[in-house]
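Have a look at the structure below, then the notes.
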Amino acid sequence: MTAPSDSRPDSRSDYRSDSQDRVTVTDLEELLGEDLHAEVVAYTVTRTGCAPADAARQVTECLRYLYLVSRHREELAGLFLPVEQHIDEIWHYLILQTREYRALCEERLPGRFFVHHRGIPYESYQEEPGRRQAAEEALRWIPLYCGAFGPFDEGALPHWTVVRYLHEQLDMSLEEISALSPLASS
(Lines give C-alpha, C1' and ligand atoms only; values in the text may rest on other atoms or scores of the structure.)
Protein backbone atom coordinates (compact mmCIF):
# COMPACT_ATOMS: atom_id res chain seq x y z
CA MET A 1 0.00 0.00 0.00
CA THR A 2 1.33 3.40 -0.90
CA ALA A 3 1.75 5.57 2.18
CA PRO A 4 -0.55 8.57 1.81
CA SER A 5 0.90 12.02 2.24
CA ASP A 6 -0.28 14.42 4.89
CA SER A 7 -1.44 16.93 2.30
CA ARG A 8 -5.14 17.57 1.91
CA PRO A 9 -6.98 17.44 -1.40
CA ASP A 10 -7.22 20.83 -3.01
CA SER A 11 -7.95 19.90 -6.59
CA ARG A 12 -10.09 17.39 -8.45
CA SER A 13 -7.04 15.21 -9.21
CA ASP A 14 -6.53 14.60 -5.50
CA TYR A 15 -9.97 12.97 -5.28
CA ARG A 16 -9.24 10.45 -8.01
CA SER A 17 -6.10 8.38 -7.82
CA ASP A 18 -4.56 6.00 -10.28
CA SER A 19 -5.54 2.38 -9.77
CA GLN A 20 -1.96 1.56 -8.73
CA ASP A 21 -2.36 3.89 -5.73
CA ARG A 22 -5.62 2.34 -4.59
CA VAL A 23 -5.95 0.66 -1.24
CA THR A 24 -6.72 -3.04 -1.69
CA VAL A 25 -8.79 -5.37 0.45
CA THR A 26 -5.54 -7.09 1.45
CA ASP A 27 -4.10 -3.72 2.53
CA LEU A 28 -7.14 -3.16 4.74
CA GLU A 29 -7.02 -6.65 6.24
CA GLU A 30 -3.34 -6.12 7.06
CA LEU A 31 -4.27 -2.99 9.03
CA LEU A 32 -5.99 -5.25 11.56
CA GLY A 33 -3.63 -8.19 11.29
CA GLU A 34 -4.70 -11.74 10.53
CA ASP A 35 -5.88 -12.66 14.04
CA LEU A 36 -7.96 -9.55 14.76
CA HIS A 37 -9.42 -9.57 11.26
CA ALA A 38 -10.52 -13.20 11.71
CA GLU A 39 -11.96 -12.35 15.13
CA VAL A 40 -14.00 -9.41 13.80
CA VAL A 41 -15.30 -11.49 10.89
CA ALA A 42 -16.27 -14.31 13.29
CA TYR A 43 -17.99 -11.79 15.59
CA THR A 44 -19.95 -10.44 12.61
CA VAL A 45 -20.99 -13.94 11.52
CA THR A 46 -22.16 -14.75 15.05
CA ARG A 47 -23.98 -11.43 15.53
CA THR A 48 -25.72 -11.37 12.14
CA GLY A 49 -25.90 -15.00 11.06
CA CYS A 50 -24.54 -14.03 7.65
CA ALA A 51 -22.07 -16.07 5.62
CA PRO A 52 -18.36 -15.54 6.35
CA ALA A 53 -17.83 -13.91 2.95
CA ASP A 54 -20.60 -11.39 3.67
CA ALA A 55 -19.16 -10.71 7.12
CA ALA A 56 -15.71 -10.18 5.61
CA ARG A 57 -17.19 -7.63 3.18
CA GLN A 58 -18.86 -5.80 6.07
CA VAL A 59 -15.53 -5.63 7.89
CA THR A 60 -13.88 -4.36 4.70
CA GLU A 61 -16.44 -1.56 4.35
CA CYS A 62 -15.97 -0.61 8.02
CA LEU A 63 -12.21 -0.42 7.47
CA ARG A 64 -12.77 1.65 4.32
CA TYR A 65 -14.85 4.06 6.37
CA LEU A 66 -12.17 4.33 9.07
CA TYR A 67 -9.43 4.72 6.45
CA LEU A 68 -11.29 7.64 4.83
CA VAL A 69 -11.99 9.35 8.16
CA SER A 70 -8.33 9.02 9.06
CA ARG A 71 -6.97 10.08 5.65
CA HIS A 72 -9.38 13.00 5.17
CA ARG A 73 -9.74 14.27 8.71
CA GLU A 74 -10.45 17.90 7.84
CA GLU A 75 -12.89 17.19 5.01
CA LEU A 76 -14.92 14.59 6.90
CA ALA A 77 -14.76 15.73 10.53
CA GLY A 78 -18.16 15.81 12.18
CA LEU A 79 -20.12 14.68 9.13
CA PHE A 80 -23.15 12.44 9.20
CA LEU A 81 -22.19 8.75 9.27
CA PRO A 82 -22.66 7.52 5.67
CA VAL A 83 -22.67 3.81 6.46
CA GLU A 84 -25.42 1.50 7.65
CA GLN A 85 -25.97 0.50 11.27
CA HIS A 86 -24.32 -2.91 10.86
CA ILE A 87 -21.06 -1.21 9.82
CA ASP A 88 -21.31 1.11 12.82
CA GLU A 89 -21.72 -1.95 15.05
CA ILE A 90 -18.49 -3.45 13.67
CA TRP A 91 -16.79 -0.13 14.47
CA HIS A 92 -18.15 -0.36 18.02
CA TYR A 93 -16.71 -3.86 18.33
CA LEU A 94 -13.31 -2.62 17.16
CA ILE A 95 -13.41 0.22 19.68
CA LEU A 96 -13.98 -2.32 22.46
CA GLN A 97 -10.67 -3.95 21.49
CA THR A 98 -9.05 -0.98 23.18
CA ARG A 99 -5.32 -1.63 22.66
CA GLU A 100 -5.76 -2.96 19.15
CA TYR A 101 -8.08 -0.11 18.13
CA ARG A 102 -5.67 2.51 19.45
CA ALA A 103 -2.81 0.88 17.52
CA LEU A 104 -4.95 0.71 14.38
CA CYS A 105 -5.77 4.41 14.58
CA GLU A 106 -2.45 5.80 15.77
CA GLU A 107 0.02 3.47 14.06
CA ARG A 108 -1.56 1.97 10.94
CA LEU A 109 -4.28 4.24 9.55
CA PRO A 110 -2.93 7.09 7.40
CA GLY A 111 -3.91 10.00 9.66
CA ARG A 112 -2.20 8.52 12.72
CA PHE A 113 -4.84 9.84 15.16
CA PHE A 114 -7.45 8.18 17.35
CA VAL A 115 -10.74 8.06 15.44
CA HIS A 116 -13.43 8.88 18.00
CA HIS A 117 -16.97 7.66 17.66
CA ARG A 118 -19.16 10.72 17.96
CA GLY A 119 -22.86 10.43 17.42
CA ILE A 120 -24.80 13.05 15.51
CA PRO A 121 -28.51 12.77 16.29
CA TYR A 122 -30.34 11.43 13.25
CA GLU A 123 -33.33 13.58 14.11
CA SER A 124 -31.31 16.70 13.31
CA TYR A 125 -31.21 15.56 9.67
CA GLN A 126 -34.97 15.02 9.34
CA GLU A 127 -35.93 18.66 8.86
CA GLU A 128 -34.93 21.26 6.28
CA PRO A 129 -32.22 22.44 5.91
CA GLY A 130 -30.94 19.38 7.76
CA ARG A 131 -31.81 16.92 5.00
CA ARG A 132 -30.06 19.04 2.38
CA GLN A 133 -27.02 19.34 4.61
CA ALA A 134 -27.02 15.57 5.14
CA ALA A 135 -27.14 14.99 1.38
CA GLU A 136 -24.29 17.43 0.73
CA GLU A 137 -22.21 15.83 3.45
CA ALA A 138 -22.93 12.32 2.23
CA LEU A 139 -21.89 13.26 -1.28
CA ARG A 140 -18.43 14.28 -0.01
CA TRP A 141 -17.68 10.64 0.71
CA ILE A 142 -18.25 9.28 -2.80
CA PRO A 143 -15.25 10.77 -4.67
CA LEU A 144 -12.98 10.11 -1.70
CA TYR A 145 -14.09 6.47 -1.56
CA CYS A 146 -13.64 5.99 -5.30
CA GLY A 147 -10.25 7.68 -5.27
CA ALA A 148 -8.99 5.38 -2.52
CA PHE A 149 -10.69 2.08 -3.37
CA GLY A 150 -12.01 2.30 -6.91
CA PRO A 151 -15.62 2.53 -8.05
CA PHE A 152 -18.50 1.30 -5.95
CA ASP A 153 -19.62 -2.22 -6.78
CA GLU A 154 -22.68 -4.30 -5.91
CA GLY A 155 -20.92 -5.63 -2.81
CA ALA A 156 -20.53 -2.13 -1.32
CA LEU A 157 -24.11 -1.12 -2.03
CA PRO A 158 -25.79 -2.55 1.11
CA HIS A 159 -23.31 -0.79 3.39
CA TRP A 160 -23.24 2.86 2.21
CA THR A 161 -26.57 4.59 2.80
CA VAL A 162 -26.41 7.39 0.23
CA VAL A 163 -24.98 5.14 -2.48
CA ARG A 164 -27.81 2.65 -2.02
CA TYR A 165 -30.32 5.51 -2.06
CA LEU A 166 -28.91 6.98 -5.28
CA HIS A 167 -28.90 3.55 -6.91
CA GLU A 168 -32.27 2.23 -5.74
CA GLN A 169 -34.38 5.38 -5.45
CA LEU A 170 -32.91 7.60 -8.16
CA ASP A 171 -31.99 4.77 -10.56
CA MET A 172 -28.40 5.92 -10.87
CA SER A 173 -25.97 3.29 -12.07
CA LEU A 174 -22.96 2.46 -9.93
CA GLU A 175 -20.84 3.93 -12.73
CA GLU A 176 -22.75 7.24 -12.52
CA ILE A 177 -22.48 7.29 -8.74
CA SER A 178 -18.76 6.55 -8.84
CA ALA A 179 -18.25 9.43 -11.29
CA LEU A 180 -19.80 12.03 -8.96
CA SER A 181 -17.54 14.94 -8.06
CA PRO A 182 -17.37 16.71 -4.73
CA LEU A 183 -19.83 19.55 -4.33
CA ALA A 184 -18.42 23.02 -4.59
CA SER A 185 -18.21 24.90 -1.30
CA SER A 186 -20.81 27.61 -0.96
Side-chain angles (χ1 to χ4, degrees), residues 1-38 40-41 44 51-77 79-84 86-88 90-91 94 100-101 103-115 136-167 172-184:
M1 172 168 64
T2 305
S5 69
D6 289 329
S7 62
R8 302 290 179 220
D10 57 6
S11 69
R12 172 129 27 246
S13 65
D14 289 325
Y15 285 91
R16 304 268 185 222
S17 63
D18 293 350
S19 61
Q20 65 200 21
D21 294 334
R22 293 208 174 121
V23 180
T24 68
V25 172
T26 301
D27 294 333
L28 293 168
E29 290 171 358
E30 289 173 355
L31 290 173
L32 287 183
E34 187 176 335
D35 291 343
L36 183 56
H37 184 267
V40 177
V41 169
T44 303
D54 293 335
R57 182 59 187 253
Q58 291 179 37
V59 173
T60 295
E61 296 306 323
C62 179
L63 291 170
R64 285 177 170 169
Y65 168 77
L66 291 172
Y67 183 93
L68 291 175
V69 169
S70 178
R71 172 72 177 94
H72 301 284
R73 184 178 192 172
E74 298 302 317
E75 296 89 344
L76 301 177
L79 296 188
F80 185 70
L81 189 66
V83 291
E84 293 293 327
H86 57 274
I87 301 301
D88 188 48
I90 293 169
W91 184 14
L94 286 170
E100 294 90 345
Y101 183 71
L104 170 67
C105 292
E106 295 177 354
E107 298 170 16
R108 294 190 287 279
L109 286 172
R112 304 284 193 256
F113 69 92
F114 191 86
V115 180
E136 289 172 353
E137 290 178 0
L139 290 174
R140 286 189 213 173
W141 291 91
I142 293 172
L144 297 173
Y145 180 104
C146 294
F149 312 116
F152 281 97
D153 61 23
E154 289 287 336
L157 206 50
H159 312 298
W160 292 83
T161 308
V162 73
V163 175
R164 195 178 74 250
Y165 174 81
L166 293 171
H167 184 68
M172 291 179 71
S173 71
L174 291 174
E175 183 177 271
E176 290 171 317
I177 294 168
S178 295
L180 289 171
S181 297
L183 296 173

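Throughout, numbering of the chain's residues begins at 1 and tracks the sequence. Values reported hereafter were calculated over all heavy atoms of this structure, with side chains retained and with hydrogens, waters and symmetry mates removed.
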Side chain to side chain donor-acceptor pair (under 3.5 Å) with [X]: which residues, sequence neighbours excluded?
X: T161; answer: E84
X: D153; answer: R57
X: H159; answer: H86
X: W141; answer: none

Where [X] and [Y] come nearest, the two heavy atoms and their spacing:
X: I87; Y: Q58; value: CD1-O, 3.3 Å
X: P110; Y: R71; value: CG-CB, 3.7 Å
X: L32; Y: L36; value: O-CB, 3.5 Å
X: L109; Y: Y67; value: CD2-CA, 3.9 Å
X: R22; Y: D27; value: O-OD2, 4.0 Å
X: I90; Y: V59; value: CD1-N, 3.9 Å

One pair to check against side-chain contact (heavy atoms from CB on, under 4.5 Å): R164 and F152. What are the steps and the verdict? CA-CA 10 Å; R164 195 178 74 250; F152 281 97; over 6 Å; no
Between S178 and L174 (side chain of the first, backbone of the second, donor and acceptor by atom type, cut-off under 3.5 Å), is there such a pair? yes
Would you say R64's side chain and Y145's backbone share a donor-acceptor pair under 3.5 angstrom? no
Contacts of E29 that satisfy salt bridge (Lys or Arg N to Asp or Glu O under 4.0 Å) - sequence neighbours left out: none
Are Y65 and L76 side-chain neighbours, meaning at least one heavy-atom pair lies under 4.5 Å? no
Taking side-chain contact (heavy atoms from CB on, under 4.5 Å) as the test, write out the residues that go with A103, two or more places apart. E107, R108
Rounded to the nearest 0.5 angstrom, the CG-CG distance for L31 and L63 is 6.5 Å
Could you give me the CA-CA distance, side-chain angles and deciding distance for I142 and L166, then say whether side-chain contact (heavy atoms from CB on, under 4.5 Å) is met? CA-CA 11 Å; I142 293 172; L166 293 171; 3.8 Å; yes
Verify side-chain contact (heavy atoms from CB on, under 4.5 Å) between E61 and V83, making sure each step is shown before the conclusion. CA-CA 8 Å; E61 296 306 323; V83 291; 5.9 Å; no
Check against side-chain contact (heavy atoms from CB on, under 4.5 Å), L180 and M172: CA-CA 11 Å; L180 289 171; M172 291 179 71; 4.1 Å; yes
